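To keep things clear, I will list the structure first and then write my remarks on it.
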Amino acid sequence: MRALVLHKEAVFSAAVADIATTELPAGDVRVQVDYSTLNYKDGLAITNAAPVVRLWPMVAGIDGSGTVLESQHPDWKAGDAFVQNGWGVGETHWGCLAEQASLKGDWLVRRPAAFSARQAMAIGTAGYTAMLCVMALERHGVKPEDGDVLVTGASGGVGSVAVALLSGLGYRVVASTGKAAEAAYLQALGAHSVVDRAALSEPAKPMQAERWAAVVDSVGSHTLANALAQTRYGGAVAACGLAQGRDLPTTVVPFILRNVALLGVDSVMAPRALRQAAWDRLARDLDTDKLASMVEEISLDQAVDKAQALMAGQVRGRIVVKI
Ligand code: NDP
C-alpha cells in the first residue's frame with residue numbers, strides 16, 4: 001500500500017512510500033481509506049514543526065474515511081462506512097494518509113448517510129471540532145438572539161466551518177481574519193461582517209467594551225485574551241486552538257467581573273457518544289454547498305508540499321486528500 005511515511009533518524013523526512021499491509025499495527029478493524037485530509041496538526045507532524053509524532057517511523061494522517069475491509073470488533077463489519085478522527089492516530093498509531101489503516105473499532109464513528117467519504121474529510125477534525133465548539137456554546141445557553149458571535153482564525157479549517165455552522169443556525173457572525181482578500185469568501189459562508197485580526201492579536205487591557213455574546217477561538221494567545229476581554233456579561237468563549245500561540249496573557253477579571261465562561265474544547269480524546277452526536281449534528285446543520293466552497297482536493301503525492309503551505313498560513317478552508 002502507498003502511505004505518507006515520516007522518519008526521524010539522523011534527519012527528519014516525509015515522503016510517500018510503498019509498505020506491506022502486513023506491517024500495519026495491531027487493531028481490530030482494517031479499513032480502506034478513500035479520503036484523508038490535512039488538519040493543522042497534520043501540518044505540524046508532516047513538517048516536523050512540533051513534536052506531534054511520538055513513535056517512528058509514523059504513517060501520517062489523523063483523519064480518514066472510507067470502508068471497513070475486515071473487523072473483529074462487534075460494532076463493525078466489512079462494507080461499513082466509517083469516520084476516524086484523532087485518538088492519537090498519526091501521532092502514536094499509524095494514520096490515514098495511506099491506502100489502508102489498522103484501527104480500533106472503539107475509535108470509529110458511523111459516517112452519516114448525508115456525507116460521502118470526501119465530504120466527511122472536507123469536514124475532518126477541523127470541522128468536527130467547530131461543531132464541538134458550537135455544542136459547547138449551546139450547552140452554556142448561548143442563543144442567536146443574544147448578540148454577535150466572533151469567530152477567530154476564520155479563514156482556516158475550524159474557522160470556516162464554525163462560520164458556516166453558526167450562520168446556518170441563525171447567529172450573526174463576525175469573522176476575524178488576517179486575509180483581507182478572503183472577506184467575500186467569509187461572507188459567502190455566512191459572516192455578517194469581517195474584521196482584521198490585527199485588532200485582536202496585540203496585547204491589550206483584560207477588560208474592554210462588551211461586544212460578543214460568544215466566541216469560537218482557534219487562535220489562542222493575545223487573540224483569546226482580547227476575545228475574553230470583549231465578551232459580554234454572562235457570555236462564553238469556546239477555545240480549541242493555538243494558531244497564534246499556546247499562551248493566554250490575561251487576568252481573572254473577565255471571569256470574576258463579567259461572569260464570562262471559558263469553555264475548553266478537545267476533539268482528540270472526546271468520548272464516542274459526543275463524537276457521534278457532533279457528526280449527526282453536522283449532517284443536520286452544515287450546508288454542503290458551503291462546505292464545497294471551502295475545499296481544495298489534492299493527491300497523496302501533493303500532501304507534503306501542501307502541509308508546508310498550511311504551516312505558512314497560505315491555505316484557505318479545508319484540504320481533502322484523495323487516496
Ligand atoms: P488552519 O491552519 O486551517 O487555520 C488556522 C487559522 O488561524 C489560519 O487560517 C489563520 O486564519 C489563523 N492564524 C494563523 N496564524 C495566526 C497567527 N499567528 N495569529 C493569528 N491568527 C493566526 O488550522 P485549523 O483550523 O485546522 O486549526 C486551528 C487551530 O485549532 C490549530 O491551533 C489547531 O491545532 C487547533 N485544533 C484543535 C483541536 C482540538 O481538538 N482542540 C482540533 C482541531 C484543531 P486567518 O488568516 O483567517 O486569520
Side-chain angles (χ1 to χ4, degrees), residues 1-72 76 78 81-105 107-108 111 116-118 120-126 157 268 295-312 314-315 318-323:
M1 62 177 221
R2 297 181 81 234
L4 176 49
V5 186
L6 312 178
H7 284 276
K8 197 173 196 176
E9 285 147 8
V11 289
F12 172 82
S13 68
V16 176
D18 285 318
I19 47 179
T21 54
T22 49
E23 289 182 47
L24 283 168
D28 51 15
V29 180
R30 192 164 58 87
V31 299
Q32 171 185 300
V33 183
D34 295 326
Y35 284 90
S36 182
T37 176
L38 293 182
N39 296 283
Y40 192 86
K41 191 183 269 178
D42 296 302
L44 292 174
I46 294 167
T47 63
N48 197 32
V52 167
V53 175
R54 305 286 176 177
L55 179 78
W56 305 95
M58 178 54 57
V59 172
I62 69 174
D63 288 344
S65 189
T67 313
V68 171
L69 292 173
E70 59 183 33
S71 168
Q72 280 84 51
W76 297 96
F82 73 94
V83 179
Q84 153 68 40
N85 301 118
W87 292 117
V89 170
E91 302 179 58
T92 56
H93 184 101
W94 281 12
C96 294
L97 282 162
E99 287 175 327
Q100 291 188 25
S102 173
L103 303 169
K104 293 194 178 154
W107 293 341
L108 306 178
R111 189 175 81 219
S116 64
R118 186 179 186 278
M121 287 298 96
I123 296 165
T125 283
V268 180
V295 180
E296 179 186 349
E297 181 176 313
I298 63 168
S299 68
L300 191 57
D301 292 309
Q302 295 170 302
V304 173
D305 285 348
K306 193 55 84 174
Q308 280 157 358
L310 185 75
M311 289 294 94
Q314 293 161 355
V315 165
R318 300 277 304 129
I319 305 294
V320 295
V321 183
K322 185 171 190 223
I323 307 291

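Since we're looking at a predicted model, the values are computed, not measured.
The line from CG of Asp305 to OG1 of Thr47 is 12.0 Å long, rounded to the nearest 0.5 Å. If you take SG on Cys96 and CD on Gln32, they are separated by 12.0 Å, rounding to the nearest 0.5 Å. Put simply, CG on Leu97 and OG on Ser36 are 3.5 Å apart, with the number rounded to the nearest 0.5 Å. For the atom pair CE (Met58) and CG (Leu4), the distance works out to 11.5 Å, reported to the nearest 0.5 Å. Rounded to the nearest 0.5 Å, atoms CG (Leu108) and CH2 (Trp87) are 10.5 Å apart. Summarising the geometry, atom CD belonging to Gln84 is positioned 8.5 Å from atom CE belonging to Met121; distances are rounded to the nearest 0.5 Å.
Minimum interatomic distance between Ala101 and Gly95 (heavy atoms only, all atoms of both residues): CB-O, 3.9 Å. Summarising the geometry of Gly90 relative to Val53, their closest heavy-atom pair is O-CG2, 3.9 Å, with the distance given to 0.1 Å. Here the shortest heavy-atom pairing between Val83 and Ala120 reads CG2-CB, 4.0 Å. Taking every heavy atom of both residues into account, Ser102 and Pro25 meet most closely at OG-O, 2.7 Å.
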message = Go through it in stages, so that I can follow the logic: the residues are Met1 and Leu24, the test is side chain to side chain contact (heavy atoms under 4.5 Å, CB included), and I'd like the CA-CA distance, side-chain angles, deciding distance and then a yes or no.
response = CA-CA 10 Å; Met1 62 177 221; Leu24 283 168; 3.7 Å; yes

Side chain to side chain contact (heavy atoms under 4.5 Å, CB included) between Ile298 and Leu38, worked out = CA-CA 10 Å; Ile298 63 168; Leu38 293 182; 4.1 Å; yes

ask   = Between Leu310 and Lys306, is a side chain to side chain contact (heavy atoms under 4.5 Å, CB included) present by the stated rule, with each step listed?
value = CA-CA 6 Å; Leu310 185 75; Lys306 193 55 84 174; 5.8 Å; no

inquiry  = Walk me through whether Thr37 and Asp63 qualify under side-chain hydrogen bond (donor to acceptor under 3.5 Å, both in side chains).
reply    = CA-CA 6 Å; Thr37 176; Asp63 288 344; 5.2 Å; no

ask   = Step by step, would you call Lys322 with Tyr35 a side chain to side chain contact (heavy atoms under 4.5 Å, CB included)?
value = CA-CA 5 Å; Lys322 185 171 190 223; Tyr35 284 90; 3.6 Å; yes

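Using a 4.5 Å heavy-atom cutoff, the side chains of Asp18 and Arg2 are in contact. Side-chain contact between Lys8 and Asn48 is present, with at least one heavy-atom pair separated by less than 4.5 Å. The side-chain heavy atoms of Gln308 and Ile46, taken from C-beta on, include no pair separated by under 4.5 Å. Contact check for Ile19 versus Trp94: side-chain heavy atoms found under the 4.5 Å cut-off. Two residues are said to be in side-chain contact when any heavy atoms from C-beta on lie closer than 4.5 Å; Trp56 and Phe12 meet this criterion. Contact annotation: the side chain of Leu103 approaches that of His93 to within less than 4.5 Å [non-hydrogen atoms, C-beta and beyond].
The backbone N or O of Ala122 lies less than 3.5 Å from a partner atom in the side chain of Arg318, making a donor-acceptor pair. A donor-acceptor pair is defined here as one N or O able to donate and one able to accept, closer than 3.5 Å; such a pair exists between the side chain of Asn39 and the backbone of Ala126. Not a single donor-acceptor pair under 3.5 Å links the side chain of Arg118 to the backbone N or O of Asp34. For Trp76 (side chain) and Ser71 (main-chain N/O), no donor-acceptor pair under 3.5 Å exists by modelled atom type.
The pair Arg30-Glu70 meets the salt-bridge criterion, since a charged nitrogen lies less than 4.0 angstrom from a carboxylate oxygen.
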